[in-house]
Participant: 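Provided herewith is a single structure, encoded as structure tokens, for subsequent inquiry.
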Amino acid sequence: MLDIKQIREDPDAIRAGIAARAEDNSVVDRLLELDASRRAMLTNVEELKSKRNKASKEIGALKKQGKDTTDTQASVRDLGNQIDKIDGEIKQVDQDLRELLIRIPNLPHSSTPRGADESGNVPVCEHGEKKTFDFKPRTHIEIGEHLCLFDFQRATRMAGSGFPLLTGLGARLQRALVQFMLDLHREEHGYTEISTPILCGSKAMTGTGQLPKLDDDMYKLPGDDLYLIPTGEVPLVNIFREEIIDRPMPLYLMAHTQCFRREAGAAGKTTRGMLRLHQFEKVELVKIVHPDSSYDELESLLKNALTVVERLELNYRVLELCTGDMSFAAAKCYDVELWSPGQNDWLEVSSCSNCEAFQARRAGIRYRREDKKVDFVHTLNGSGVALPRLIVAILENGQQADGTVKLPAVLVPYMNGIEKLELPSA
RNA sequence: GGAGGGGUGGCUGAGUGGACGAAAGCACCGGUCUUGAAAACCGGCGUGCCGCAAGGUACCGGGGGUUCGAAUCCCUCCCCCUCCGCCA
């Protein structure tokens with residue numbers, strides 16, 4: 001959520017920021033109008049309330065003296081009616097303001113490249129070489145079916161398309177990766193491991209910015225005001241909703257969760273196999289930091305995610321997302337992508353974003369400054385990293401001519417000494 | 001799910017219609033004292049909104065109501081605790 005005061009003071013900057021995200025910025029005029037009338041009504045009604053408070057006290061005093069107050073009471077009752085009327089109007093304006101504010105995306109940081117869509121994203125770096133094979137590389141689906149690592153057909157039978165069913169070594173590989181990532185981030189990067197709810201209420205979803213915009217992209221349980229989380233970012237950031245944080249920052253939090261996405265409107269895209277699922281696992285990293293340090297923290301968050309794929313000996317590249325391709329809450333965002341020989345394309349496995357105070361303002365997450373004033377924290381999030389496409393990359397990059405898959409050395413201890421994936425009977 | 005008891009500031013906890021944004025204690029911050037510290041004493045110490053400011057206004061789990069006036073009374077929802085039931 002943007003700061004209404006900032007909109008009041010510098011509407012042009014806000015208009016420019018919204019336009020950079022290819023969104024309609026005429027909302028700013030409407031906001032200014034509502035804000036002005038709200039303040040006028042507030043001044044008015046607070047004056048009336050002040051009068052009423054004074055008069056009520058006088059009535060109390062008079063009654064103690066045993067005097068008759070019938071007339072005064074009648075006039076104060078009239079005051080009260082006026083107040084109720086204006087209060088009702090203010091409430092409506094507040095609602096209208098909030099409805100508008102809550103739908104405006106975050107303003108892009110000045111360093112975020114301008115652009116309308118993904119073609120405007122800027123490559124930052126590429127690490128490693130695209131693997132070449134002296135045989136025709138198979139896709140992860142072919143490899144997985146051959147080695148019995150997963151079974152999408154049977155998954156479809158129980159839940160419809162887009163749900164994972166990992167079997168045998170496939171399931172073990174995923175668990176090993178989770179364990180590896182959590183250990184790495186805890187031991188070397190200082191994150192605290194959290195186990196969270198995977199259903200959250202609408203207030204939490206609004207706090208991190210999934211609602212109202214992504215309502216159709218989430219699975220919900222309307223009878224209970226609960227949504228299945230689309231990312232671990234939701235519960236992690238919402239831990240401190242409506243709080244003034246009284247512990248030393250920065251806070252580094254991580255959670256391994258299931259994530260659920262309806263992917264409405266994604267039909268027809270690259271949805272085969274593990275590339276795009278309604279349910280997937282992810283290790284999520286969240287930082288809650290002092291505003292002065294959030295851009296340094298974004299760089300180190302990105303490094304934390306990159307360390308995962310480097311240790312796994314994978315070929316990756318980093319993109320700086322442009323204004324038109326960034327998610328709703330982000331002011332600046334890096335994507336990490338892995339090379340997929342089977343797709344002959346890059347696969348996104350992590351987005352590392354600095355949301356600045358956007359989520360903090362929505363969710364009421366504050367800290368106390370040196371001068372004792374209360375201010376909003378900055379929040380950052382990034383995948384560290386998402387599992388399905390990571391598995392795709394490991395399978396497709398590690399595949400051998402004989403149909404087996406060589407595992408990265410760092411995973412071997414997590415697989416109880418297994419160095420390559422092969423058929424159990426082989 | 002049933003019965004009962006509760007939700008008040010960072011924490012503990014008083015407050016049952018007016019002088020209560022709210023006692024007291026703890027914690028915290030500043031000061032006095034001290035070589036320093038502790039103790040003692042003095043002072044400060046919630047958040048939002050409106051306002052250049054003075055100040056005003058709102059908030060005692062959420063929402064609604066009664067009243068000139070609500071932390072206090074009524075309705076409703078949520079949450080917590082105890083007991084019973086059920087259950088992984």
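Letters A, B, ... are given to chains in the order of the sequence lines, protein chains preceding strands, and every chain is numbered from 1.
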Participant: With respect to the side chain of A:R39, which nucleotide from B:rU57, B:rC50, B:rU47 is positioned closest?
Facilitator: B:rC50
Participant: Would you classify A:T72 as touching base, sugar-phosphate or nothing, given that sugar-phosphate means primed atoms plus P, OP1 and OP2, and contacts are heavy atoms under 4.0 Å?
Facilitator: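 Since no nucleic acid heavy atom lies under 4.0 Å of A:T72, the category is nothing.
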Participant: Among B:rC50, B:rU47, B:rG69, find the nucleotide with the atom closest to the side chain of A:R52.
Facilitator: B:rG69
Participant: Mind checking the C1' distance from B:rC74 to B:rA19? Whole angstroms is fine.
Facilitator: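 Each nucleotide's C1' atom is 26 Å from the other's.
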Participant: Would you mind pulling out the nucleotide paired to B:rG1, Watson-Crick or G-U wobble, both distances under 3.5 Å?
Facilitator: B:rC84
Participant: Given the C1' atoms of B:rU12 and B:rC83, what is the spacing between them in whole Å?
Facilitator: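 Roughly 26 Å separates the two C1' atoms.
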Participant: Hey, does the side chain of A:N121 reach the backbone of A:L321 with a donor-acceptor pair shorter than 3.5 angstrom?
Facilitator: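 Checking the backbone N and O of A:L321 against the side chain of A:N121, no donor-acceptor pair under 3.5 Å is found.
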Participant: Which nucleotide in the set B:rC49, B:rA58, B:rU47 lies at the smallest distance from any side-chain heavy atom of A:V374?
Facilitator: B:rU47
Participant: Starting at CD of A:Q73 and ending at P of B:rU66, how long is that distance when rounded to a whole Å?
Facilitator: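 Distance, rounded to whole Å: 16 Å.
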Participant: Classify the nucleic acid contact of A:I59 as base, sugar-phosphate or nothing, counting any heavy atom under 4.0 Å across all strands shown.
Facilitator: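 Touches a base.
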Participant: With both distances under 3.5 Å as the test, what is the Watson-Crick or G-U wobble partner of B:rC59?
Facilitator: B:rG46
Participant: Looking for any heavy atom pair under 4.0 Å, which part of the strands does A:R247 touch: base, sugar-phosphate only, or nothing?
Facilitator: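 Answer is nothing: A:R247 stays at 4.0 Å or more from every strand.
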Participant: Can you tell me how far C1' of B:rU67 sits from CG of A:D78, to the nearest Å?
Facilitator: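 My rounded result for the distance is 16 Å.
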Participant: Can you work out whether A:E46 or A:I4 has the more 5'-proximal nearest nucleotide on RNA chain B?
Facilitator: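 Going by which nucleotide is closer to the 5' end, it is A:I4.
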Participant: If B:rG69 has a Watson-Crick or G-U wobble mate with both distances under 3.5 Å, name it; if not, just say none.
Facilitator: none
Participant: Provide, to the nearest angstrom, the distance between the CG atom belonging to A:L226 and the P atom belonging to B:rC78.
Facilitator: 13 Å
Participant: Calculate the interatomic distance between A:I244 atom CD1 and B:rC28 atom P; express it in whole Å.
Facilitator: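 That distance rounds to 18 Å.
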Participant: To the nearest angstrom, how far is A:R241 atom CZ from B:rG61 atom P?
Facilitator: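 About 17 Å, once rounded to whole Å.
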Participant: Output the rounded distance in Å from NZ (A:K57) to P (B:rU67).
Facilitator: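 Going from A:K57 (NZ) to B:rU67 (P), I get 22 Å.
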Participant: Of the candidate nucleotides B:rA58, B:rC68, B:rG46, which contains the atom at the shortest distance from the side chain of A:R77?
Facilitator: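 Within the option list, the nearest is B:rC68.
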Participant: Work out how far the C1' atom of B:rG21 is from that of B:rC45, and round it to whole angstrom.
Facilitator: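 It works out to 14 Å between them.
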Participant: Suppose you measure atom P in B:rG17 against the same atom in B:rG25; what distance do you get, rounded to whole Å?
Facilitator: 26 Å
Participant: For the aromatic rings, using the six-membered ring if either is Trp, is the centroid distance between A:F376 and A:Y367 under 6.0 Å?
Facilitator: no
Participant: Once you apply the 3.5 Å cut-off to both distances, tell me the Watson-Crick or G-U wobble partner of B:rA27, or none.
Facilitator: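 Partner of B:rA27: none found under 3.5 Å.
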Participant: From C-beta outward on A:S56, which listed nucleotide comes closest to its side chain: B:rG18, B:rU57, B:rU47?
Facilitator: B:rG18
Participant: With a 4.0 Å cutoff (strictly under), does any side-chain N or O of A:N53 reach OP1 or OP2 of B:rA58?
Facilitator: yes
Participant: Both distances below 3.5 Å, Watson-Crick or wobble geometry, any strand: find the nucleotide opposite B:rA40.
Facilitator: B:rU32
Participant: Using the P atom as the point on both nucleotides, what is the distance between B:rG10 and B:rG61, in whole Å?
Facilitator: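 Each nucleotide's P atom is 13 Å from the other's.
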Participant: Please report the distance, rounded to the nearest Å, between NZ in A:K203 and P in B:rC78.
Facilitator: 13 Å
Participant: Provide the distance between the two P atoms, one in B:rG69 and one in B:rU57, to the nearest whole Å.
Facilitator: 15 Å
Participant: Looking only at heavy atoms, which two atoms of A:I104 and A:L100 are closest? And how far apart?
Facilitator: CG1-O, 3.3 Å
Participant: Would you mind classifying the nucleic acid contact of A:K372 as base, sugar-phosphate or nothing, using non-hydrogen atoms under 4.0 angstrom?
Facilitator: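 Answer is nothing: A:K372 stays at 4.0 Å or more from every strand.
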Participant: Let me know, please, whether A:D35 or A:S50 comes out on the 5' side of the other along RNA chain B by nearest nucleotide.
Facilitator: A:D35
Participant: Answer yes or no: is there a donor N or O on one side and an acceptor on the other, between the side chain of A:T43 and the main chain of A:R39, under 3.5 Å?
Facilitator: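 Yes; at least one donor-acceptor contact below 3.5 Å.
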Participant: Using only atom types and a distance under 3.5 Å, with no angle test, would you say the side chain of A:R103 pairs donor to acceptor with the backbone of A:E99?
Facilitator: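 Side chain of A:R103 to backbone of A:E99, a donor-acceptor pair under 3.5 Å: yes, one is there.
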Participant: Expressed as a whole number of angstroms, how long is the span from A:K64:NZ to B:rG69:C1'?
Facilitator: 12 Å
Participant: Please name the residue in the list A:V336, A:D335, A:L319, A:V318 that meets the side-chain contact (heavy atoms from CB on, under 4.5 Å) test with A:V124.
Facilitator: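 Between A:V124 and the candidates, side-chain contact (heavy atoms from CB on, under 4.5 Å) is satisfied uniquely by A:V318.
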Participant: With rounding to the closest Å, how many angstrom separate the P atoms on B:rG63 and B:rA24?
Facilitator: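 29 Å, rounded to whole Å.
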Participant: Which nucleotide, B:rC50, B:rG64, B:rU47, lies nearest any side-chain atom of A:K91?
Facilitator: B:rG64
Participant: Answer yes or no: does a side-chain N or O of A:K63 lie under 4.0 Å from OP1 or OP2 of B:rG69?
Facilitator: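 Answer is no, no contact under 4.0 Å.
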Participant: Report which part of the nucleic acid A:R8 touches: base, sugar-phosphate, or nothing (heavy-atom distance under 4.0 Å, all strands).
Facilitator: sugar-phosphate
Participant: Ignoring hydrogens and angles, tell me if any N or O in the side chain of A:H109 forms a donor-acceptor pair with the backbone of A:S111 under 3.5 Å.
Facilitator: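 Answer holds: yes.
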Participant: Would A:D375 and A:R366 count as a salt bridge (charged side-chain N to carboxylate O under 4.0 Å, His left out) here? Give the steps.
Facilitator: CA-CA 5 Å; A:D375 195 8; A:R366 293 150 295 165; over 6 Å; no
Participant: Within the structure shown, what part of the strands sits under 4.0 Å from A:K5 by heavy-atom distance: base, sugar-phosphate, or nothing?
Facilitator: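 Contact class for A:K5: sugar-phosphate only.
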Participant: What's the gap between B:rA14 and B:rU82 when it is taken at their C1' atoms, as a whole Å value?
Facilitator: 24 Å
